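Computed over heavy atoms, backbone and side chain alike; hydrogens, waters and symmetry mates excluded. Chain naming here is simple, since letters A, B, ... match the order of the sequence lines and numbering starts at 1 in each. Computed from a predicted model, the values in this text were never measured in an experiment.
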There are 2 protein chains.
Amino acid sequence: MNPEAKVPAFPEAAAVAESGPAHSVDRIMAVAYELFSTRGVRDVGVNELIERSGVAKATFYRHFPSKDSLVFAFLEQRDKQWTMNGILSEARRRGSTPQEQLLAIFDVFGEWFLREDFEACSFVRVMLEMGPAHPLGQASIDYLAKIRGHVQAVAEEAGLVRPEEFARSLLILMKGSVIQAVEGDMLAAERARQMAVWLIGHHSG
Amino acid sequence: MNPEAKVPAFPEAAAVAESGPAHSVDRIMAVAYELFSTRGVRDVGVNELIERSGVAKATFYRHFPSKDSLVFAFLEQRDKQWTMNGILSEARRRGSTPQEQLLAIFDVFGEWFLREDFEACSFVRVMLEMGPAHPLGQASIDYLAKIRGHVQAVAEEAGLVRPEEFARSLLILMKGSVIQAVEGDMLAAERARQMAVWLIGHHSG
DNA sequence: ACAGGTGGGAAGACCGGTCTGTCTTCCCCC
DNA sequence: GGGGGAAGACAGACCGGTCTTCCCACCTGT
């Protein structure tokens, strides 16, 4: 048998998913990440997930006991990949001082808002889709609080007074600018950044 | 025949709905307003709507050709009842100057956040639930733009410079504080109000 | 004043489709 | 030969939406 005939449905299915990862769970996660982050979690069904990742339904449910457990895994990956390795580390890289790092968050946001596939913050979206009482809503709230913790840490490095209050105010600006960007205001990040400048000024001793 | 025996299912159905409005369409709207505003539009089905409003399915579809048309009607009522007669008119009533009226928005927000049934801004919620491309998402964006128009009008009364930019920035604060309040930050309105003070200051001449 | 027609509404069966989740069948590869 | 995975049928619930059946209140004609 020639090698081309050996592989019936698996390779092109992998190509559909991500043209890469060999293991089923990786392909499922890659597809879930793309669909959930761009279209939300309620709009994406299990059937579509398994079809797009080229995986059998039984395989899906062997790795994830329920759709919700996949959403939990997605939120965790979103936190690692997008929050940590995406926004926060990039903001820290750009600013030479803690103050500049805080403001750089909105520079990164501004570029993020221009992306084709920009579709709002997944944590805010899941929280509103499922409600704050639902376990998935609670998890989203926890990840948002984690972001606030990091902002607060940078604020402490900057020597700002009342760092927790500062972080809560800055997250209002972050969330508000994201929502406004969904509406189509492409300059939302600039506006929020300007208000962040004033906010930092009033927390500097 | 005694009067009690005359009325078989209609009155208690009205009591279930709102204990008031006689006409079917009013009861449907009352139930839809409560359920949609507290739980979102995707989570509430037609069957639940007709059951809670004590109305037949055929009656529902005689008044509303589809569920989406009811959601459109809900958004319009939300704009009239909540935005106009609720937040904006109350804010205008409280402040004696345009500047105070702008800041009073956040005082009204602060009290709104404390309500039992507070469950986020319906326009933002529908926009994220349906996506900004969906007709219902578009309608939500239009209503948010209408709110911005009113804020801009008050800003012009106040003689603020660049009133449109001001209004867009203030709406970032409004939306951000609402999202943060959903997470449980009960002081989100105060924080946003403080930032609004700085924002007004920088737009005053 | 009363009989009969009429129309709106309640109740709910029903339709096709979709959802999550289970289970069977087959096949390929070790 | 045995196990994992692909394919997909299937179950049970629910979705939005249509349609039938029955009943009751009101209007009309005599």
Side-chain angles (χ1 to χ4, degrees), chain A residues 1-17 21-28 31-32 35-36 39-74 129-130 134-136, chain B residues 1-17 21-28 31-32 35-36 39-74 129-130 134-136:
Chain A
M1 319 144 182
N2 60 66
E4 286 89 320
K6 276 281 191 73
V7 281
F10 189 86
E12 63 263 30
V16 167
H23 293 19
S24 308
V25 57
D26 296 329
R27 272 180 294 141
I28 294 171
V31 170
L35 296 186
F36 285 160
R39 283 169 42 200
V41 296
R42 295 192 89 151
D43 200 45
V44 179
V46 174
N47 290 324
E48 183 176 359
L49 284 165
I50 64 170
E51 186 192 350
R52 297 272 286 256
S53 54
V55 119
K57 219 169 195 182
T59 305
F60 175 92
Y61 278 103
R62 190 173 314 117
H63 292 300
F64 302 97
S66 68
K67 182 192 169 183
D68 276 10
S69 75
L70 173 65
V71 180
F72 277 117
F74 157 69
E129 272 185 336
M130 312 303 291
H134 190 283
L136 287 171
Chain B
M1 319 145 183
N2 61 66
E4 285 90 322
K6 274 280 193 71
V7 283
F10 189 85
E12 62 264 31
V16 166
H23 294 17
S24 308
V25 58
D26 296 329
R27 272 180 293 142
I28 294 171
V31 170
L35 296 185
F36 285 160
R39 283 170 41 199
V41 296
R42 294 191 91 153
D43 199 45
V44 180
V46 174
N47 289 322
E48 183 177 359
L49 283 165
I50 64 169
E51 187 193 348
R52 296 273 288 255
S53 53
V55 119
K57 216 170 195 181
T59 304
F60 176 93
Y61 279 102
R62 191 174 312 121
H63 292 300
F64 302 97
S66 67
K67 181 192 170 183
D68 277 9
S69 75
L70 174 64
V71 180
F72 276 117
F74 158 69
E129 272 184 337
M130 312 303 290
H134 190 284
L136 288 171

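- For the atom pair CD1 (B:Ile28) and NE2 (B:His63), the distance works out to 5.5 Å, reported to the nearest 0.5 Å.
- Taken from CG in A:Asp68 to NE2 in A:His134, the straight-line distance is 5.0 Å, to the nearest 0.5 Å.
- Taking atom CD1 of A:Ile28 as the reference point, atom P of C:dT20 lies 14 Å away to the nearest angstrom.
- Side chain of A:Glu129 to main chain of A:Gly40: no donor-acceptor pair is present (N/O by atom type, distance under 3.5 Å, no hydrogens or angles).
- A:Leu136 CG to A:Phe74 CZ: the interatomic distance, rounded to the nearest 0.5 Å, is 10.5 Å.
- The backbone N or O of B:Arg42 lies less than 3.5 Å from no partner atom in the side chain of A:Arg42, so there is not a single donor-acceptor pair.
- As a whole-Å value, the separation of B:His63 NE2 from C:dG9 C1' is 9 Å.
- Atoms CD1 (A:Ile50) and P (D:dG4) sit 19 Å apart, rounded to a whole Å.
- The CD-P distance, from B:Glu51 to D:dC14, rounds to 12 Å in whole Å.
- Listed pair A:Thr59 / D:dG5 fails the phosphate criterion, with no side-chain N or O lying under 4.0 Å from OP1 or OP2.
- In this structure, A:His23 atom NE2 and D:dG5 atom C1' are separated by 14 Å, rounded to whole Å.
- Taking only side-chain nitrogens and oxygens, B:Arg27 comes nearer than 4.0 Å to OP1 or OP2 of C:dA10.
- Remark: the backbone N or O of B:Val44 is paired with a side-chain donor or acceptor of B:Lys67 at under 3.5 angstrom.
- What separates CG of A:Leu49 from C1' of C:dT18 is a distance of 14 Å, to the nearest Å.
- The phosphate of C:dG8 (OP1 or OP2) has no side-chain N or O of B:Arg62 nearer than 4.0 angstrom.
- Considering CG of A:Leu35 and CD of A:Glu48, their distance stands at 5.5 Å, rounded to 0.5 Å.
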Heteroatom pairs (N/O) under 3.5 angstrom, protein to nucleotides 21-26 of chain C:
from	atom 1	to	atom 2	distance (Å)
C:dG21	OP2	A:Tyr61	OH	3.4
C:dG21	OP2	A:Lys67	N	2.8
C:dG21	N7	A:Lys57	NZ	3.0
C:dG21	O6	A:Lys57	NZ	2.4

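- Atom CZ in B:Arg52 sits roughly 19 Å away from atom C1' in C:dA11 (whole-Å rounding).
- Across the protein-nucleic acid pair, B:Glu48 atom CD and D:dC14 atom P stand 11 Å apart, rounded to whole Å.
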